[in-house]
Amino acid sequence: MDSLDLKYSKSILLYLMKKKNAKKSDLFKIVSNNFVLDRLLDKLEIDGYIQITKNIIGPIIYNITLSEKGKMVALGLMKIDNLTKNLVEKSYLQNNKNPYSFDDQKLINIYPKQILISDMEISDLKAISLNIITDEDGFIKLYCNHDKSMKCKHVLFAWSLNEIQNLYSCNIAIVNFKNIVNSMIQIISQPILSTIIIG
């Protein structure tokens with residue numbers, strides 16, 4: 001398993017990219033458990049993403065910087081992060097302008113992880129909440145908290161909205177972009193084989 005698949009690894013690379021270097025104590029903002037942080041830093045160093053130097057004179061201080069490989073990966077992660085933020089913000093700004101209604105249901109609002117709709121057939125509830133969740137591949141799914149279903153009429157109504165279709169289109173673009181970057185990372189991570197021909 002590559003160290004980039006571990007929790008917090010990408011956050012550490014992004015932090016080091018912004019700060020240029022950090023002491024180990026600085027990284028407790030990201031990983032509060034010392035044991036977990038030590039294991040993660042060891043794996044990132046073994047995989048060649050970071051460099052750790054130890055101050056020998058005086059108190060022991062670990063200085064952590066990105067390697068060239070780590071910088072390339074962090075740049076890719078920053079591009080993904082910026083693209084994701086821009087697409088989601090643009091989608092929400094465009095989509096929240098015109099709420100649509102459909103039969104007895106109406107869109108109330110869209111939040112980053114939740115959609116609220118009204119249903120005139122259910123008089124005791126003011127709003128139906130649909131959670132926006134992601135599957136193991138990163139694609140969004142909708143889950144109705146009222147019906148405990150991903151296929152009820154509220155979910156079908158939500159999928160018919162232009163806002164949700166645009167959000168899903170952005171989601172597909174982001175997942176595809178992340179897959180391309182992950183493929184690039186795997187290619188970069190492969191050791192370069194060289195053959196020497198002795199004549």
Side-chain angles (χ1 to χ4, degrees), residues 1-92 109-116 129-143 145 148 150 167 170-171 173-191:
M1 174 192 271
D2 189 82
S3 56
L4 289 180
D5 295 328
L6 298 173
K7 189 174 181 180
Y8 307 117
S9 61
K10 294 174 184 81
S11 299
I12 286 177
L13 293 183
L14 288 170
Y15 181 85
L16 291 172
M17 189 68 180
K18 290 175 186 169
K19 299 290 184 180
K20 304 299 179 206
N21 65 15
K23 291 182 268 185
K24 182 181 165 190
S25 58
D26 296 332
L27 299 177
F28 285 126
K29 297 172 189 171
I30 300 168
V31 183
S32 58
N33 185 303
N34 191 36
F35 176 73
V36 173
L37 180 60
D38 284 341
R39 289 192 58 205
L40 181 57
L41 291 176
D42 287 344
K43 291 184 184 227
L44 286 170
E45 185 178 32
I46 289 168
D47 289 345
Y49 296 111
I50 63 170
Q51 297 169 339
I52 302 174
T53 55
K54 183 177 172 183
N55 184 6
I56 302 172
I57 301 171
I60 297 173
I61 298 173
Y62 295 95
N63 290 313
I64 303 150
T65 57
L66 288 174
S67 66
E68 287 304 315
K69 179 180 173 181
K71 287 178 186 174
M72 288 175 35
V73 171
L75 278 172
L77 291 171
M78 287 175 77
K79 287 179 183 175
I80 291 172
D81 195 37
N82 290 335
L83 177 67
T84 304
K85 285 179 185 172
N86 291 339
L87 286 175
V88 170
E89 285 173 10
K90 184 179 177 184
S91 175
Y92 282 123
N109 209 343
I110 299 176
Y111 300 100
K113 294 191 176 196
Q114 188 180 51
I115 302 166
L116 293 179
S129 169
L130 304 177
N131 289 341
I132 302 173
I133 57 177
T134 54
D135 64 15
E136 62 275 358
D137 296 320
F139 293 103
I140 62 170
K141 305 285 182 197
L142 300 180
Y143 178 78
N145 291 317
K148 308 287 187 234
M150 297 175 87
L167 182 64
C170 291
N171 173 249
I174 291 166
V175 169
N176 288 337
F177 185 73
K178 285 182 180 180
N179 289 338
I180 291 168
V181 170
N182 285 336
S183 297
M184 290 171 49
I185 290 169
Q186 288 176 352
I187 291 169
I188 293 169
S189 300
Q190 297 297 320

**Report entry** Those residues that, when tested against N145, pass side-chain hydrogen bond (donor to acceptor under 3.5 Å, both in side chains) (two or more places apart)
**Finding:** S129, N131
Report task. Taking salt bridge (charged side-chain N to carboxylate O under 4.0 Å, His left out) as the test, write out the residues that go with K10, two or more places apart. Result -> none
Query raised in the report: Listed by chain and number, what are the salt bridge (charged side-chain N to carboxylate O under 4.0 Å, His left out) partners of E45, not counting sequence neighbours?
Result: none
Report the residues that fulfil side chain to side chain contact (heavy atoms under 4.5 Å, CB included) with [X], sequence neighbours left out, ordered by chain and then residue number.
{"X": "E68", "result": "K71"}
{"X": "M72", "result": "I188"}
{"X": "T134", "result": "I140"}
{"X": "D42", "result": "none"}

Reported [atom1]-to-[atom2] distance for the pair [X] and [Y], which is rounded to 0.5 angstrom:
{"X": "I30", "Y": "L40", "atom1": "CD1", "atom2": "CG", "result": "9.5 Å"}
{"X": "Y8", "Y": "L6", "atom1": "OH", "atom2": "CG", "result": "11.5 Å"}
{"X": "N63", "Y": "Q51", "atom1": "CG", "atom2": "CD", "result": "11.5 Å"}
{"X": "L44", "Y": "K69", "atom1": "CG", "atom2": "NZ", "result": "10.0 Å"}

Query raised in the report: Any donor and acceptor pair, going by atom type alone, linking the side chain of N33 with main-chain N or O of F35 inside 3.5 Å?
Result: yes
Please list, one pair per line, the donor and acceptor atoms closer than 3.5 Å that link side chains of residues 11-25 to other protein atoms, with sequence neighbours excluded.
residue, atom, partner, partner atom, Å
K24, NZ, N34, OD1, 3.1
K24, NZ, D38, OD1, 2.5
K24, NZ, D38, OD2, 3.4

Report summary line: Which of I64, V31, V36 passes side-chain contact (heavy atoms from CB on, under 4.5 Å) with L41? It is I64
Query raised in the report: Is there side-chain contact between L37 and F28, with heavy atoms separated by less than 4.5 Å?
Result: yes
Requested in this report: Taking all non-hydrogen atoms of both residues into account, name the closest pair between K148 and Y143 and its distance.
Outcome: CA-OH, 3.2 Å
Report task. Could you check K54 against I52 for side chain to side chain contact (heavy atoms under 4.5 Å, CB included), going step by step and ending with a plain yes or no? Result -> CA-CA 7 Å; K54 183 177 172 183; I52 302 174; 5.9 Å; no
